[in-house]
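Notes to accompany the following structure.
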Amino acid sequence: VVENEIQARIDNIFSNLERLEILSSKEPPNKRQNAKLRVDQLKYDVQHLQTALRNFQHRRYLREQQERQREELLARTFTTNDSATTIPIDETLQYNESLQSAHRGVDELIGSGTNILQGLRDQRVTLKGTHKKILDVANMLGLSNTVMRLIEKRAFQDKFLMLGGMAVTCVIMFLVVQYLT
């Protein structure tokens, strides 16, 4: 009853503080700051009172709960064990089988991962060998291209030599025919 009365008075103080806050905003500017500061201080003090009341109520509730539990514990009558002292082995057995199954599954996943990793390593070795062979062929083609270019250049030069030689021979034959006839 006393706590409810205190709570009602605190609520009344809060509503009065809200009205005071509205009234403080209507004060002249030179007094308004001081009035708001006082209202804020009052709000702070009332909040502390509210918190103190809640702490008191919480401690009282915990004390009452402890007393109830103590009374229940003291009022309980203890008896010997019943004849039903069975152990739920079926659930434990199923749990153990599930764990073993999960363990096997994880082992299979690890084995599969190891096989995949080994396959990737083998592929890497194969790709390295293929890359080396491709580089060797490319180097040979590079040499072959160089040799082919030299041969084509030589053939081009030989064609000009042949045409030049034919032209000189024709000129010489023409001059010989002109000079001798």
Side-chain angles (χ1 to χ4, degrees), residues 14-15 17-48 50-52 54-55 58 61-62 84-181:
F14 266 126
S15 64
L17 282 175
E18 288 175 3
R19 281 189 281 174
L20 267 178
E21 189 172 16
I22 293 170
L23 291 174
S24 69
S25 64
K26 294 180 181 179
E27 285 287 320
N30 56 356
K31 293 182 181 180
R32 188 176 303 156
Q33 177 90 13
N34 194 16
K36 282 194 180 222
L37 185 65
R38 287 182 183 176
V39 170
D40 288 342
Q41 183 64 39
L42 285 173
K43 276 187 178 181
Y44 182 74
D45 292 342
V46 171
Q47 286 175 350
H48 276 289
Q50 181 80 25
T51 305
R54 285 187 188 137
N55 286 340
H58 182 69
Y61 173 73
L62 287 177
T85 55
T86 60
I87 300 173
I89 290 181
D90 291 337
E91 293 176 9
T92 307
L93 186 61
Q94 288 175 351
Y95 180 71
N96 189 21
E97 287 175 1
S98 296
L99 283 177
Q100 291 296 328
S101 175
H103 184 69
R104 280 191 301 274
V106 169
D107 284 345
E108 289 173 5
L109 282 175
I110 290 172
S112 175
T114 304
N115 290 337
I116 290 171
L117 189 59
Q118 187 61 39
L120 288 174
R121 286 182 184 143
D122 293 342
Q123 287 179 4
R124 186 184 83 196
V125 169
T126 303
L127 287 175
K128 274 187 172 181
T130 305
H131 184 258
K132 187 175 181 181
K133 286 180 184 178
I134 288 174
L135 287 176
D136 290 343
V137 169
N139 286 335
M140 279 187 7
L141 285 177
L143 290 176
S144 297
N145 284 341
T146 305
V147 171
M148 292 299 289
R149 274 190 248 119
L150 287 173
I151 291 171
E152 287 175 0
K153 185 177 179 182
R154 180 69 185 257
F156 187 71
Q157 290 172 350
D158 287 348
K159 185 166 49 169
F160 275 117
L161 281 175
M162 183 188 71
L163 289 175
M166 287 171 48
V168 168
T169 304
C170 285
V171 169
I172 290 175
M173 286 173 46
F174 179 74
L175 288 176
V176 168
V177 170
Q178 280 293 333
Y179 183 69
L180 292 178
T181 49

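Note that the numbering runs from 1 along the sequence shown for the chain. Predicted model, so just to flag it, every value in this text is computed and none were measured.
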Let me see the working for V46 and Q50 under side chain to side chain contact (heavy atoms under 4.5 Å, CB included), right down to the final yes or no. CA-CA 6 Å; V46 171; Q50 181 80 25; 5.5 Å; no
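Taking each heavy atom of S25 and R32 in turn, the nearest pair found is O-NE, 3.3 Å. Between V39 and L17, the closest heavy-atom pair is CG1-O, 4.1 Å.
The only option from I116, D122, N115, L120 that meets the side chain to side chain contact (heavy atoms under 4.5 Å, CB included) definition with Q118 turns out to be D122.
Note: T126 OG1 to H131 NE2 = 14.5 Å, rounded to the nearest 0.5 Å. Put simply, CD on E21 and CG on L42 are 11.0 Å apart, with the number rounded to the nearest 0.5 Å. Here the CG-OG distance, from L93 to S98, works out to 9.5 Å after rounding to the nearest 0.5 Å. With values rounded to the nearest 0.5 angstrom, M162 atom CE is found 14.0 Å from Q157 atom CD. Expressed to the nearest 0.5 Å, how far CG of D107 lies from CD of Q100 amounts to 10.0 Å.
Among pairs with a residue in residues 150-161, those fulfilling salt bridge (charged side-chain N to carboxylate O under 4.0 Å, His left out) read R154-D158, at least two apart in sequence or across chains.
For the pair T51 (side chain) and Q47 (backbone), a donor-acceptor distance under 3.5 Å is present. A donor-acceptor pair under 3.5 Å is formed between the side chain of T169 and the backbone N or O of G165. Within the 3.5 Å criterion, the main-chain N or O of L109 finds no donor-acceptor partner in the side chain of S112.
At most 12 non-hydrogen atoms from other residues, nucleotides or ligands lie less than 6.0 angstrom from CD of Q33. Around the CE atom of M173, the shell of radius 6.0 Å holds no more than 12 heavy atoms that belong to other residues, nucleotides or ligands.
Side-chain contact between D45 and Q41 is present, with heavy atoms from C-beta onward closer than 4.5 Å.
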